[in-house]
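Structure first, then comments.
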2 protein chains.
Amino acid sequence: MDAMLDTEGKETSATHGAYRRLREMILTGELPPGQKLKIEQLRSLLNTGASPVREALSLLTSDMLVERMDQRGFRAAPVSKCNFEEILLLRCNLEETALRASIANADAAWEDRLVLRHHHMKKASQNGAHDFEDAHKAFHMALLDNSKLPLLLRYCSQLYDLNIRYRYLAAGGSSYKKRDIAAEHHHILDAALDHDADSATKHLIDHYRRTGEYLSSQMDT
Amino acid sequence: MDAMLDTEGKETSATHGAYRRLREMILTGELPPGQKLKIEQLRSLLNTGASPVREALSLLTSDMLVERMDQRGFRAAPVSKCNFEEILLLRCNLEETALRASIANADAAWEDRLVLRHHHMKKASQNGAHDFEDAHKAFHMALLDNSKLPLLLRYCSQLYDLNIRYRYLAAGGSSYKKRDIAAEHHHILDAALDHDADSATKHLIDHYRRTGEYLSSQMDT
DNA sequence: ATGTCAAATAATATCGATATTTTTGGAGAT
DNA sequence: ATCTCCAAAAATATCGATATTATTTGACAT
């Protein structure tokens, strides 16, 4: 019938659409951690069949955003301080590796991409919050993607997403004070453009640890 | 009807069964890299419906053993020397982190587990090859699992599996000369039991780089 | 009151069939 | 011969329905 309405614009398959919608809802906390994800409920919520929903949940399972319980269906992955700290640890490790590799491969095209992404992020930070999230991720991934290491990039992207959840849970969204953040981003950008791997990784990791400590403290409450 | 025949023994769901069978076939090369994976073909091969097959393929997609092509179905993930080298790089990085964390948490129970796993692996190396693969992975994961870092362990397990494929492709299976390997395993075990993190990681990484170089040389042919 | 068991209910997992899309194969034009 | 385009075939993606499994409810016995 209407596998793809085209009223919205650009959704390829129902499965992919469901995947993106569900992912978004889990990341933002609209589907809170630990919540049971009933097929029928999601089916009607997303206006689609059971098959695309199940397939989307299977994909999200391997992204560690959804857990499958033997014969008892799915639920949004739970959160814990322990989990948060592991994410932080792995991000520091993997992103350092990726950033150093990126800088080692530095060329003009990459620098252009970085500058552009940074500009878009800055612009988006003045507009709506939703745009900013995407632009922020795009900037961070642009820092790493010149490493030309697809597996590593995939892990970094996954961990980035897992981390977003905690930001949404702690604050109301991307409202963790932006003034410091902007300066930190600038330091990372400048160091990357200078091909100064030590400085860039130091600033990047400081950036993570700082917001990490902030979020960690919020979680004790 | 017969969602679970129980003639074999212990398969929980059709999806999980299909997942395991397909994973095995891709790891061993029975389904060679790049091969188109047609639903109907797999459906009859595994004696199950289209839904479990699709779900299993979705899960394998996120394990990076299967690729989904927009509206053109699935195929076994391709291989390349580049991909192999990235796997090696990431394994060295992540397993070092995990092994050091494991040793930092060392206790008697862990040491017992290590000794047992090593013993089982040694015993299996004298028997059938299939047993050995499982025991070998169990030993390597036992080295790491005292880190108590589930995300990290998951990545290590994934990368281990991705690496297995290259072993099966290069040799006929686990036939890469076992004498050196046994000694290398012993060095790692002893260092771990001594809580000597530097020595253990050195031996572990040497172990990987050595077989890595061997496989890498095989791939040029 | 409380615990246990069975029937009723609800939800999952799976199947069979259909609609949609991609690929194939061949006829006609250049 | 080669290319383009259209119809036929194949394969995918999705739907609706069913069988299976888990959960709840309430009656009964202790």
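Keep in mind that the numbers below use all heavy atoms, side chains included, and drop hydrogens, waters and symmetry copies. A, B, ... follow the sequence lines: proteins, then strands. Residue 1 opens every chain.
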Nucleotide nearest T48(B) (side chain, heavy atoms from C-beta), chosen from dT12(D), dT12(C), dC15(C): dC15(C)

Can you measure R68(B) atom CZ to dA13(D) atom P for me and round it to whole angstrom units? 6 Å

State which of dT14(C), dT12(D), dT14(D) makes the closest approach to the side chain of I39(B). dT12(D)

Please report, rounded to the nearest Å, how far the P atom of dT23(D) is from the NZ atom of K38(A). 11 Å

Quick test of your reading of the model: are K123(A) and D131(A) salt-bridged, counting only N-O distances below 4.0 Å? no

Taking the side chain of S13(A) as its heavy atoms from C-beta onward, which of dA13(D), dT14(C), dA11(C) lies nearest to it? dA13(D)

Roughly, in whole Å, what's the span from CG in L46(B) to P in dC15(C)? 11 Å

Within the structure provided, determine whether R167(B) and E133(B) are in side-chain contact (heavy-atom separation under 4.5 Å). yes

Whole-Å gap separating P (dC15(C)) and CG (N47(B)): 10 Å

When we call it a touch if two heavy atoms are under 4.0 Å apart, what does L57(A) touch: a base, just sugar-phosphate, or nothing? nothing

Expected output: side-chain N105(B) to main-chain N146(B) donor-acceptor under 3.5 Å: yes

Whole angstroms only, please: what is the CZ-P distance between R75(B) and dA11(D)? 18 Å

I want to check a possible cation-pi pair here: R91(B) against Y208(B), using under 6.0 Å from ring centre and within 45° of the ring axis as the test. yes

On DNA chain D, compare the nucleotides closest to E55(A) and R72(A); which residue's is nearer the 5' end? E55(A)

Spacing between Q71(A) atom CD and dA22(D) atom P, to the nearest angstrom: 6 Å

Within this structure, what is the CZ-to-P distance between F74(A) and dA22(D), rounded to whole angstrom? 15 Å

Note: R43(B)-E40(B) ion pair, threshold 4.0 Å (strictly below): yes

Respond yes when some side-chain nitrogen or oxygen of K36(A) is under 4.0 Å from OP1 or OP2 of dT12(C), and no when none is. yes

So, OP1 or OP2 of dA13(D): does either fall under 4.0 Å of a side-chain N or O from R54(B)? yes

Report the distance from atom CE of M69(B) to atom C1' of dT21(C), rounded to the nearest whole Å. 14 Å

